[in-house]
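Basis for what follows: all heavy atoms, side chains included, without hydrogens, waters or symmetry-related copies. The first residue in the sequence is number 1, and the count goes up from there.
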Amino acid sequence: MDNNKQTVIVTGFGPFGEHMVNASWVAVQELQKLGLGKKVDLHVCEVPVEYQKVQSLVPSLWEQYHPQLVVHVGVSGMATTVTLEKCGHNYGYKGLDNSRFCPDSQCCIVGGPDCINSVIDMESVCKRVSASGLGVTVSVSKDAGRYLCDFTYYTSLYLSQGRSAFVHVPPIGKPYSGPDLGRALQAIIREMLENQDQEEEEICCHHLHSMTSS
């Protein structure tokens, strides 16, 4: 593997409920066709809509690839925009998954914090993508819905100390096509990587300044 490359994992969900074709996985497959450029090693993965599968799959992705960033994508039947989620929540999981299962604890990580924020500045990413003339409306949310989307996001945030992101997409054709969503994901993830690089530079500069001024 090229050490100069950034490794990025993007996941989408499989079918569930009324979503026999899950727009999130369609969008991720469209992104895979486009890629993220020569400097990014992109891996995609379809996630089953099952709590126990998420609990084993998400840690294995972090352990196997040691990615710079993991972006989870999910569908929201209520969404009309592409929505960037700022945080994941630990408690309140009462909805049954595809296996008719729900955690007894109704939480992701027993003893974990109530809420974990992504290190990525979603407001900034939203602003920059919106200004790029992409033709897809992007918004920001603080509530990923207390189902498999939120559960997956919190689990990933917990494992990565915040180096994860979640993007909700509307169903295909309401109003965007699969290729539209793929282009939106490409633009969003590029901005997220840029945002992450800037944050790391600021932390590094602050650390050097602290060392030289002490």
Side-chain angles (χ1 to χ4, degrees), residues 8-37 40 42 44-47 49 68-89 95 115-154 156-157 162-199:
V8 175
I9 297 171
V10 184
T11 74
F13 286 99
F16 74 101
E18 65 192 32
H19 302 283
M20 295 313 293
V21 175
N22 195 315
S24 67
W25 183 234
V26 173
V28 171
Q29 289 175 301
E30 291 292 340
L31 168 68
Q32 187 179 27
K33 292 177 196 173
L34 297 170
L36 290 169
V40 178
L42 171 65
V44 304
C45 177
E46 185 178 15
V47 179
V49 182
Q68 173 89 5
L69 176 68
V70 173
V71 180
H72 302 286
V73 185
V75 65
S76 169
M78 297 179 291
T80 55
T81 65
V82 174
T83 309
L84 312 180
E85 300 291 349
K86 294 177 81 164
C87 54
H89 302 87
C115 179
I116 302 176
N117 290 306
S118 174
V119 297
I120 295 161
D121 183 345
M122 298 300 178
E123 302 284 357
S124 172
V125 171
C126 179
K127 213 171 279 184
R128 290 175 70 90
V129 173
S130 297
S132 69
L134 189 66
V136 173
T137 304
V138 182
S139 63
V140 178
S141 159
K142 292 181 180 177
D143 186 357
R146 304 304 198 286
Y147 190 48
L148 266 296
C149 290
D150 213 344
F151 189 87
T152 300
Y153 193 20
Y154 182 93
S156 200
L157 287 166
R163 286 185 298 113
S164 304
F166 197 98
V167 180
H168 261 126
V169 298
I172 299 297
K174 297 183 178 181
Y176 304 115
S177 68
D180 287 337
L181 295 176
R183 286 188 301 105
L185 284 181
Q186 183 189 52
I188 287 165
I189 295 168
R190 281 176 169 168
E191 285 297 341
M192 285 178 173
L193 288 169
E194 186 74 24
N195 187 270
Q196 214 177 23
D197 288 344
Q198 287 171 356
E199 288 289 320

Thr81 versus Thr137, side-chain donor and acceptor atoms under 3.5 Å:
no

Note: Pro171 and Ser76 closest approach over all heavy atoms is CD-O, 3.4 Å

Give me the one residue out of Val119, Ile9, Asn195, Ile120 that meets side chain to side chain contact (heavy atoms under 4.5 Å, CB included) with Leu69.
Ile120

Side-chain polar contacts of residues 127-135 - donor-acceptor pairs under 3.5 angstrom, sequence neighbours left out - could you list them?
{"from": "Arg128", "atom 1": "NE", "to": "Glu191", "atom 2": "OE1", "distance (Å)": "2.7"}
{"from": "Ser130", "atom 1": "OG", "to": "Cys126", "atom 2": "O", "distance (Å)": "2.7"}
{"from": "Ser132", "atom 1": "OG", "to": "Val129", "atom 2": "O", "distance (Å)": "2.6"}

Separation between CD (Glu123) and CG (Leu84), nearest 0.5 Å, reads 9.0 Å

Start with the C-alpha gap between Phe166 and Tyr154, add the side-chain angles, then the distance that decides, and say whether side chain to side chain contact (heavy atoms under 4.5 Å, CB included) holds.
CA-CA 10 Å; Phe166 197 98; Tyr154 182 93; over 6 Å; no

I'd like to know if the side chain of Thr11 pairs up with that of His72 as donor and acceptor (distance under 3.5 Å, no hydrogens or angles considered).
yes

How many angstroms lie between atom CE of Met122 and atom CG of Asn117, to the nearest 0.5 angstrom?
9.5 Å

How many angstroms lie between atom OG of Ser118 and atom CE of Met192, to the nearest 0.5 angstrom?
7.0 Å

So, for Asp150 and Arg146, which heavy atoms are closest and what is the spacing to 0.1 Å?
OD2-N, 3.2 Å

Approximate separation, where rounding is to 0.5 Å, of Glu30 CD and Leu181 CG
8.5 Å

Is there a side-chain contact between Val140 and Lys86 in this structure, where contact means two heavy atoms from C-beta onward sitting under 4.5 Å apart?
yes

Closest approach of Lys142 to Cys87 (non-hydrogen atoms, all atoms of both residues)
O-SG, 3.4 Å

Under 3.5 Å, is there a donor-acceptor pair between the Ser141 and Asp143 side chains?
no

Smallest heavy-atom separation, Asp180 atom then Val136 atom, equals O-CG2, 4.0 Å

Could you pull out the closest heavy-atom pair between Phe13 and Val73, with the gap in Å?
CD1-O, 3.3 Å

Could you pull out the closest heavy-atom pair between Gln68 and Leu193, with the gap in Å?
CG-CD2, 4.0 Å

